[in-house]
2 protein chains.
Amino acid sequence: MHVRQLAKMLGVSPDTVRYYTRIGLLEPQKSIENGYKFYSPNEQNRLRFILSARDLSFSVDDIKQIFHKADEGESPCPTVRRLIDNRLHETEQRFQDTLRLRARMHTAVENWGGKPDKKPSGNVICHLIDEFTKTPE
Amino acid sequence: MHVRQLAKMLGVSPDTVRYYTRIGLLEPQKSIENGYKFYSPNEQNRLRFILSARDLSFSVDDIKQIFHKADEGESPCPTVRRLIDNRLHETEQRFQDTLRLRARMHTAVENWGGKPDKKPSGNVICHLIDEFTKTPE
DNA sequence: GTAAACCTGTGAGTTAGACACAGGTCAATC
DNA sequence: GATTGACCTGTGTCTAACTCACAGGTTTAC
Ligand SMILES: [Zn+2]
Ligand SMILES: [Zn+2]
Ligand SMILES: [Zn+2]
Ligand SMILES: [Zn+2]
């Protein structure tokens, strides 16, 4: 199975498969004849796993660590539990940040609704942005 | 005013100021004597504006466009209104994505709480991740 | 046989800075 | 005046997770 077919089967772009291959997450056999990469059922399964882990926000480096454990025959579960704790904290942080940002942006747009356009002058580059920042209440 | 002093005054890292300078958002005068960059009050004001815009999620490229308008004496306000609409959609998308991800992760961690560690076998690399993906209900 | 359509691997580009580092500058000594 | 050490500078390189560009190889249709 070549890169495009595998990509289509699992619903990702060929470039994504190429990327995972390039960094060593996938190790297809290389055809001597034309240099094309051939993905065995085992590699297909590995990609499936990568995508499952990705959907839980595991990073590529996390997945490398998980594979490393599994390839040595050890249980990757402790690693997985430890890693997802980090990712959970990150996600919570990102969630809170995005929540705050969204509120700020909504407030700004509402404030700007009744304001006219103005040309820049003196220190004021855009009065919308300048004034919104200076009066945050 | 040199890079470190300016950075400290506005609460960002010197590298951030250097970055904005490198990409042309700031244009300090260059001392002929020692090559150090000198930031005038006008440049200081520009950095203040950059940081205000950044806090509303305007990208560096957005800010370039805003500066371009303002430098030509035109009102950047229409540009600003158009750009923030895009950023608002992006932020909303990111918010929803993060919300969903957070729920998925919480569910996963709860499911994994009562499960033992297992060694990899056959097609299963990590049963926690594999089984969670396959039984999403 | 040839032309077009399709596919491949590799190299480079993307964001918004962070980090490393060789060297320049400045104040306080001696 | 020379020297030491602390501090500061610009420039080059690196990051995550891909996406895009591109020269060339392969397959199919006629
Ligand atoms: Zn496991
Ligand atoms: Zn924790
Ligand atoms: Zn404006
Ligand atoms: Zn809209």
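In the text below, chain A, chain B and the rest are named by the order of the sequence lines, each starting its count at 1.
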Q: When you get a sec, tell me which of dC8(D), dT19(D), dA16(C) is the closest nucleotide to the side chain of Tyr36(B)?
A: dC8(D)
Q: Quick check: are there more than 12 heavy atoms from other residues, nucleotides or ligands sitting under 6.0 Å from NE2 of His68(A)?
A: no
Q: In whole angstroms, how far is the C1' atom of dA12(C) from the OH atom of Tyr19(A)?
A: 15 Å
Q: I need the CG-P distance between Asp62(B) and dT14(C), as an integer number of Å.
A: 16 Å
Q: Rounded to the Å, how far apart are Gln5(A) CD and dT8(C) C1'?
A: 14 Å
Q: Rounded off to whole Å, could you give me the NE2-to-P distance for the His2(B) and dG24(C) pair?
A: 17 Å
Q: With a cut-off of less than 4.0 Å, is there a side-chain N or O of Thr16(B) near OP1 or OP2 of dA16(C)?
A: no
Q: May I ask you to evaluate whether Arg54(A) reaches the phosphate of dC18(D), defined as a side-chain N or O under 4.0 Å from OP1 or OP2?
A: yes
Q: Verify salt bridge (Lys or Arg N to Asp or Glu O under 4.0 Å) between Arg102(A) and Asp97(A), making sure each step is shown before the conclusion.
A: CA-CA 9 Å; Arg102(A) 189 174 76 146; Asp97(A) 290 348; over 6 Å; no
Q: Okay, side chain of His127(B), backbone of Cys77(A): is any donor-acceptor separation there less than 3.5 Å?
A: no
Q: Arg4(B) side chain: which of dT25(C), dT11(D), dT9(D) is closest?
A: dT9(D)
Q: Distance under 6.0 Å and angle within 45° of the ring axis: does Arg87(B) meet both against Phe58(B)?
A: no
Q: Please report, rounded to the nearest Å, how far the P atom of dT15(D) is from the CD1 atom of Ile23(A).
A: 12 Å
Q: Which of these nucleotides, dA16(C), dT10(C), dC18(D), is closest to any side-chain atom of Ser59(B)?
A: dA16(C)
Q: Between Tyr36(B) and His2(B), what is the ring plane arrangement, given parallel below 30°, perpendicular above 60°, and tilted in between?
A: perpendicular
Q: Please state how far atom CG in Asp61(B) lies from atom C1' in dG17(C), giving the value in whole angstrom units.
A: 16 Å
Q: Report yes if a side-chain nitrogen or oxygen of Lys30(B) is closer than 4.0 Å to either non-bridging phosphate oxygen (OP1 or OP2) of dT11(D); otherwise report no.
A: yes
Q: Among dG17(C), dT19(D), dC18(D), which nucleotide has an atom closest to any side-chain atom of Tyr20(A)?
A: dC18(D)
Q: Tell me which nucleotide among dT25(C), dT26(D), dA16(C) gets nearest to the side chain of Asn34(B).
A: dT25(C)
Q: Taking only side-chain nitrogens and oxygens of Arg22(A), does any of them come within less than 4.0 Å of OP1 or OP2 of dC18(D)?
A: no
Q: Is any side-chain nitrogen or oxygen of Lys37(B) closer than 4.0 Å to OP1 or OP2 of dC8(D)?
A: no
Q: Considering heavy-atom distances to DNA chain C, does Asp15(B) or Val60(B) have its closest nucleotide positioned more toward the 5' end?
A: Val60(B)
Q: Asp55(B) has an atom CG; how far is it from atom C1' of dG17(C), in whole Å?
A: 15 Å
Q: In whole angstroms, how far is the P atom of dG10(D) from the CZ atom of Phe38(B)?
A: 13 Å
